[in-house]
Protein chains: 2
Amino acid sequence: MQQPEFELLSRHIMKRVQLTEEELDFMLSKFKLAKIKKRQFIVQPGFTAKFRNYVCSGAFRAYVVIDNGEDHTIQFAIEDWWITDYNSFFNNQPATMFVVALEDSVILQLSRENEDLLKQANHKYETFFRISAERAQAFHFRQLITNLTQPAEFRYESFLDRYPQIVNRVPQYALASYLGMTTEYLSKLRNKRTSKQ
Amino acid sequence: MQQPEFELLSRHIMKRVQLTEEELDFMLSKFKLAKIKKRQFIVQPGFTAKFRNYVCSGAFRAYVVIDNGEDHTIQFAIEDWWITDYNSFFNNQPATMFVVALEDSVILQLSRENEDLLKQANHKYETFFRISAERAQAFHFRQLITNLTQPAEFRYESFLDRYPQIVNRVPQYALASYLGMTTEYLSKLRNKRTSKQ
DNA sequence: CTAAAAAGTTGAACCAGATTAACTTTTTAG
DNA sequence: CTAAAAAGTTAATCTGGTTCAACTTTTTAG
């Protein structure tokens, strides 16, 4: 397991739980490396999301398409983030989201079966997934508060502050829908900002 | 442990993990019963949320207050729901939310220390908390999608459909801010609906 | 390298929902 | 039981953000 992709994931895991070398290797052995081309889908509505995906390099976007054809970005993921349709993955139901690569990417995939196997095999693995879910829970709470309490301009500026490394890697229409506004309006906000400074 | 409050929690737990009688009793022994009067706070900004709270009876509201004095409801909880400021509880940081009783209520409180102790004591307890967090994660995703993709009227109607038992127990201004609209606007929507039928 | 498609920009008209304010109804605390 | 406070209603006015449409720039696929 010397490949740099597995190195990254190892560090990610060991930051959260203390595993012995064998425990770590066993866990890593359940992940499958996949190279994903730009514009390729790793989750699609109608099919069950079979994997939880750890991004080693590249970038992804999760989005839903509603009746009138509009799409709404739900999540981005770059290096060291996880992405999937969790409703589908956890409940074994058909996905409602698309997850698509925004760049050529490398990911490590963990199937639901292997995840269940790990969770049962060792208390420490279970702890890892518990911590991941708790962090996601706290993250979504913060996000909900921002969406509910802040106007569009502030949401954009917060995103700039917090995720400067993402802003310039994703298409603007995707960012606009993530922030809950139209691409035209985001364009105006950007213009206003740059002419200000 | 024959009190009806503990009965309710027992069923809640056993639906998620299979515990022996002793395991269940040990887990329950870590919870502390508390009676909370209407308008009493169980979480307040500035203080760390020391407990995760299981609602046996009654109703609660979690909300944040922003600069201009407006308050925004983040979550409701009635019987068989959990509530706290998870950011504060998980990260041992001062809360940013209020959690207040909307009715005289009875809750079972689990401190962060006891929760950590349980998580370490037995793989099955850890599994229970992992499942809880995963469900919360999936729930928040669905909520995020609704907020991002649906107009105010639809959000209200969805809430009516999904939580008919909550609608008439919470003040309207609290529901309005939960749904991301003003109390005046919600009043109009309601009026429109009732005059329609 | 090139044509076509996709993404981003700009401005004018518009609207869902906010704001303000005056009022009515319900709840609460003595 | 009662006065005051809190919650909810209604209507007029206003605005942050959308929609539509025409245009420019960038990206993509041969």
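Protein chains get the first letters and strands the later ones, always in sequence-line order, with residue 1 at the start of each. Just so we're clear, the structure is a prediction, and the values are computed from it rather than from any experiment. The basis for the numbers below is simple: all heavy atoms, side chains too, and nothing from hydrogens, waters or symmetry mates.
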side-chain N/O A:N191 vs C:dT9 OP1/OP2, d < 4.0 Å: no
Bend angle of the helix from C:dC1-D:dG30 to C:dG30-D:dC1, end axes from five pairs each (to 10°): 70°
Euclidean distance, atom CG of residue A:D71 to atom C1' of C:dA7 [Å, nearest integer]: 13 Å
Greater than 12 external heavy atoms within 6.0 Å of B:E21's CD: no
Between C:dA16 (C1') and B:K192 (NZ): distance, integer Å: 10 Å
Under 3.5 Å: donor-acceptor pair, side chain of B:E5, backbone of B:I107: no
N or O in side chain of B:Q172 less than 4.0 angstrom from D:dA6 OP1/OP2: no
Interatomic distance where CZ belongs to A:F154 and P belongs to D:dG17 [whole Å]: 13 Å
Contact residues, residues 162-169 of chain B to DNA chain D [heavy atom, < 4.0 Å]: none
Evaluation steps, salt bridge (charged side-chain N to carboxylate O under 4.0 Å, His left out), between A:K192 and A:E153: CA-CA 10 Å; A:K192 193 166 134 195; A:E153 185 163 9; 3.0 Å; yes
Lys/Arg cation over aromatic A:Y63: A:R61, 6.0 Å, 45° cone: yes
Distance in angstrom units between B:L189 CG and D:dG8 P, rounded: 15 Å
Check: B:Q18 main-chain N/O paired with B:K124 side-chain donor or acceptor under 3.5 Å: yes
Summary of protein contacts for nucleotides 17-30 of chain C, nucleotide by nucleotide, where a base hit scores B, a sugar-phosphate-only hit scores S (4.0 Å, heavy atoms): BSBB-------SS-
Test ring-ring contact (aromatic ring centres under 6.0 Å, His included) applied to A:Y178 and A:F76, A:Y163, A:Y173, the passing residue: A:F76
B:R142 atom CZ, over 12 foreign heavy atoms within 6.0 Å: yes
Neighbour count above 12 (heavy atom, 6.0 Å) for B:R169 CZ: yes
Greater than 12 external heavy atoms within 6.0 Å of B:R16's CZ: yes
Side-chain donor-acceptor contact under 3.5 Å, A:T48 with A:S88: no
Separation of C:dA7 C1' from A:L102 CG (nearest whole Å): 14 Å
A:F51/A:F89 aromatic ring centres below 6.0 Å: no
